[in-house]
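Structure first, commentary second.
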Amino acid sequence: MNKVAKIFINMPIKTIAKGYSYIVPDQFSYLDIGWRVCVPFGHQYLEGFVVEIAFVENCDGLKEVVAVIDKSAWFNQEMMDTAKWIASYYLCSLGESMRLFIPGKKSISVDLFYEAIALEENGINCCCIYKYLQANGPLNLNCLKKYFPTYDMEKVLERLLSEGKIKKVYKIRSRAKEKFEKFVMINEFCDKDPNIYLKNKPAQLRLVNLMLTKRKLPRKTLMEFSSSVIHALEKDGFIHVVNERVLRDSYKDYHFQMVKKSLNPSQENAIEQVTAKICEKKHDTFLLYGVTGSGKTEVYINIVEKIRKLDKQAIILVPEIALASQMIQRFKENFSNDIVVMHSKLSIEERNDAIERLHNKEVGIVIGARSAVFVPLDDLGVIIIDEEHEVSYKQEERPYYHTREVAKMRTFYSNAILLLGSATPSLESYYKAQCSEYKLLSLPKRVNNSNLPSVHIVDMRNELAKGKRSILSDDLYALIKKTLENKEQIIILLNRRGHSTFVLCRECGHIIKCNHCDVPMVYHFSGILRCHYCDSVKTVPQECPHCYSRYIKYFGTGTQKLEEELYRLFPNASVLRMDRDTTTKKMAYEKILDDFRKEKYQILLGTQMVAKGHDFKNVTAVAILSIDSTINIPDFRAAERGFQLLTQASGRAGRHGNQGNVIVQTYNPCHYAITHAKEHDFISFYHEEMNFRKILNYPPYNQLLKIIIFDMVEEILIKKAEILARKLHLMMKSVKCNIIGPFSANVVKVKDIYKMNILIKSREMGKIKQLLCENELDKRKDITIDVDPMNSL
DNA sequence: AATAGTCCTATA
DNA sequence: ATAGGACTATTG
């Protein structure tokens with residue numbers, strides 16, 4: 001009998017939706033389900049995941065597992081079950097869903113080397129490359145090219161391979177590189193008296209005395225001592241130096257004082273209800289609906305405390321990295337070093353070290369963005385999703401999973417608690433709470449005796465009638481002025497980065513568009529035009545490329561232009577800009593938010609990343625300049641997103657006792673998203689919006705599935721889409737559903753690829769998915785299927 | 001996704 | 001005759 005493992009290959013493609021069998025050689029007989037291995041696949045060596053073990057008599061034609069990656073299984077049962085659920089729910093292969101659990105998507109890279117084969121005739125007549133390989137051992141292509149730049153190396157190697165003079169060898173390289181550091185340690189059993197023995201060696205004596213108190217110190221903190229001092233002491237037996245593995249952590253120096261806040265009755269009630277469920281050790285989902293500034297984080301902290309007492313682990317998710325730093329601070333105030341941070345801006349090595357920390361139980365709390373929902377944990381107790389309504393929880397590339405649903409399944413399979421928190425819950429979640437599928441917990445009042453801010457709506461049509469063309473209304477100007485005079489801070493939200501949002505010819509109306517995408521290019525500060533979809537750049541043309549006129553003008557205001565304008569109007573104020581252009585570096589978010597928190601700046605200006613979840617003591621004013629661009633999108637979620645953005649942004653004002661003031665500039669002052677947000681009335685907004693959803697059959701009354709079709713050629717795409725739509729209508733005859741489209745996607749062309757959509761609404765999405773799979777539409781290369789899409793465009 | 005094999009065309 | 005490019009089949 002031979003041990004055989006069924007393995008899914010770590011590959012980001014949907015067409016390989018099956019496992020492959022490999023022989024488990026005796027040296028790896030301990031292999032089991034959930035392990036990561038390296039296997040030969042086709043003409044390469046790749047990472048694979050063991051999903052089944054079998055013992056079979058005949059294994060002809062099977063290849064062997066060539067390497068095992070870890071010292072234990074990466075996937076436990078709960079992770080395996082979740083991966084399987086993702087594959088079936090979001091219609092992807094198990095390989096695709098399992099690789100989500102791997103930091104950096106793959107854990108090994110395999111490098112190709114060429115090795116000389118020993119030849120009988122001693123290789124005298126062989127070329128210099130063969131001789132070089134013979135002398136230096138296996139080398140890779142780049143290395144050979146460097147030494148022999150004049151050769152056509154691919155050709156030479158091909159010839160040598162076919163002549164049987166060299167062979168290919170593969171070296172597996174782990175991407176989880178361990179970091180080692182030197183530590184100086186005191187020798188515990190040294191009985192020499194340093195004061196006598198080192199009387200005439202002041203530097204050595206100083207170091208020994210330091211070591212006698214500290215016992216162990218990193219070598220790099222002792223740079224004042226030369227290595228001869230260290231060596232001498234080592235030789236005399238006072239100290240020794242060890243090379244020890246260290247686990248990287250960019251956040252380890254974040255230390256805060258322990259803070260314990262008192263709780264109000266609604267917070268206590270929420271904690272009590274969740275605690276009761278924790279004690280039952282059963283899965284359940286709670287929706288914590290608490291107005292902005294109502295102390296949701298305090299509830300999270302108390303629940304995590306309960307979980308940690310039971311020695312279980314917790315995942316806390318925030319919608320983007322910008323919000324992590326605040327959550328980290330609050331948690332560090334309570335849990336000190338029991339925390340690791342996990343997000344995609346960290347290096348892969350650091351992420352692996354964080355997982356190692358969780359693995360060896362050194363820490364029990366993970367704070368992170370979307371991808372942190374996949375951290376491997378053995379004793380998952382709770383997943384908390386803060387700002388659960390945020391669209392950034394939906395993955396925008398294959399597989400198109402929603403973090404909330406993944407968390408739901410992980411907590412379900414591990415009998416853990418899922419806690420969703422928001423001041424503006426998604427309609428789906430609030431609806432589920434109404435149907436008792438989730439348990440609703442409410443925090444109706446702000447803490448710190450603060451009132452919700454007063455919201456003032458400025459009708460920009462009146463400004464225009466007054467002849468004002470500036471992006472800042474008179475009222476907003478006055479609010480900024482007053483806030484600055486009071487030495488308070490203001491946040492300004494403008495949801496467009498760059499300088500001018502489009503460039504237009506005044507003679508013919510031609511708008512400069514990207515060569516590869518069907519969108520206007522945005523003028524950036526440095527004098528270039530940039531496409532916000534593909535990042536390609538152009539210089540600003542001197543004349544219109546269409547009519548050769550020289551009347552080229554910039555229109556629309558982005559964050560860069562507004563920054564200029566604010567400096568012009570308030571020359572004494574300091575303005576801090578936060579958008580994707582200023583936050584590319586590793587700790588840029590933390591730095592910007594920290595500077596603002598320390599009141600080095602009075603005005604924080606930025607895209608929607610300034611609106612979410614931040615808690616600044618001295619912010620009393622908030623301005624929202626671009627709500628119309630959100631509300632006017634022809635999508636079923638536009639109003640919901642507008643309401644959320646307004647409520648969340650307003651919620652930054654006056655959280656610590658001061659009265660907050662919010663200004664909303666709009667051309668649609670009567671829009672229900674704006675009027676309800678002005679009154680901070682989520683419930684009324686919910687009911688009004690639910691009416692629309694019901695009439696138009698949108699979620700949460702129906703499920704949605706979006707089919708996106710691609711092609712390089714527009715005409716072919718249109719034909720293909722029509723054929724597909726007809727096919728879908730036939731296919732779905734037996735299922736109650738609505739098929740809408742094909743219609744052009746929101747952006748018709750991105751990176752030279754045209755897109756069209758077909759939308760399916762149904763309450764029986766399971767059947768629809770089954771039919772799509774039976775007809776192998778999920779395997780088609782020119783189609784992607786987005787289950788539960790965030791928009792219909 | 002990545003590779004190796006297949007087919008086809010431009011070209012000296 | 002052939003090198004290089006586009007395209008395709010295949011992965012245990």
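Hydrogens, waters and symmetry mates are skipped; everything else that's a heavy atom, side chains included, is used. Chain identifiers are assigned alphabetically (A, B, ...) following the order of the sequence lines, protein sequences preceding nucleic acid strands; residue numbering begins at 1 within each chain.
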Do A/Tyr30 and A/Trp35 have ring centres separated by under 6.0 Å?
yes
Determine, using ring centers only, whether A/Tyr401 and A/Phe374 are less than 6.0 Å apart.
yes
- Query: Can a donor-acceptor pair be found between the side chains of A/Arg248 and A/Ser347 at a distance below 3.5 Å?
  - Reply: no
Report task. Quick one: sort the A/Phe41 and A/Tyr20 rings into parallel, tilted or perpendicular, breaks at 30° and 60°. Result ->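 A/Phe41 and A/Tyr20: perpendicular rings.
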Do the ring planes of A/His402 and A/Tyr393 sit parallel (below 30°), tilted (30 to 60°) or perpendicular (above 60°)? tilted
Without decimals, in angstroms, what is the distance between [X] [atom1] and [N] [atom2]?
X: A/Phe41; N: C/dG12; atom1: CZ; atom2: C1'; value: 8 Å
X: A/Leu62; N: C/dG12; atom1: CG; atom2: C1'; value: 6 Å
X: A/Leu46; N: C/dG12; atom1: CG; atom2: C1'; value: 13 Å
X: A/Ile23; N: C/dG12; atom1: CD1; atom2: C1'; value: 9 Å
X: A/Tyr45; N: C/dT10; atom1: OH; atom2: P; value: 21 Å
X: A/Phe49; N: C/dG12; atom1: CZ; atom2: P; value: 17 Å

Within the 4.5 Å heavy-atom criterion, are A/Lys706 and A/Leu759 side-chain neighbours or not?
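A side-chain contact under 4.5 Å exists here.
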Contacting residues from residues 1-10 of chain A, given that a heavy atom lies under 4.0 angstrom of DNA chain B:
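The answer is none.
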task: Identify whether any heavy atom of A/Lys18 sits under 4.0 Å from a base atom; if not, whether one sits that close to sugar-phosphate; answer base, sugar-phosphate or nothing.
output: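 Base contact.
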In the 5' to 3' direction, the nucleotides of DNA chain B bounding the stretch that comes under 4.0 Å of a heavy atom in chain A are B/dA1 to B/dA4
> So does A/Tyr132 have more than 12 non-hydrogen atoms from other groups sitting under 6.0 Å from OH?
Replying inline: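 More than 12 heavy atoms, drawn from other residues, nucleotides or ligands, come within 6.0 Å of this atom.
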**Message:** I want to check a possible cation-pi pair here: A/Lys751 against A/Tyr533, using under 6.0 Å from ring centre and within 45° of the ring axis as the test.
**Reply:** no
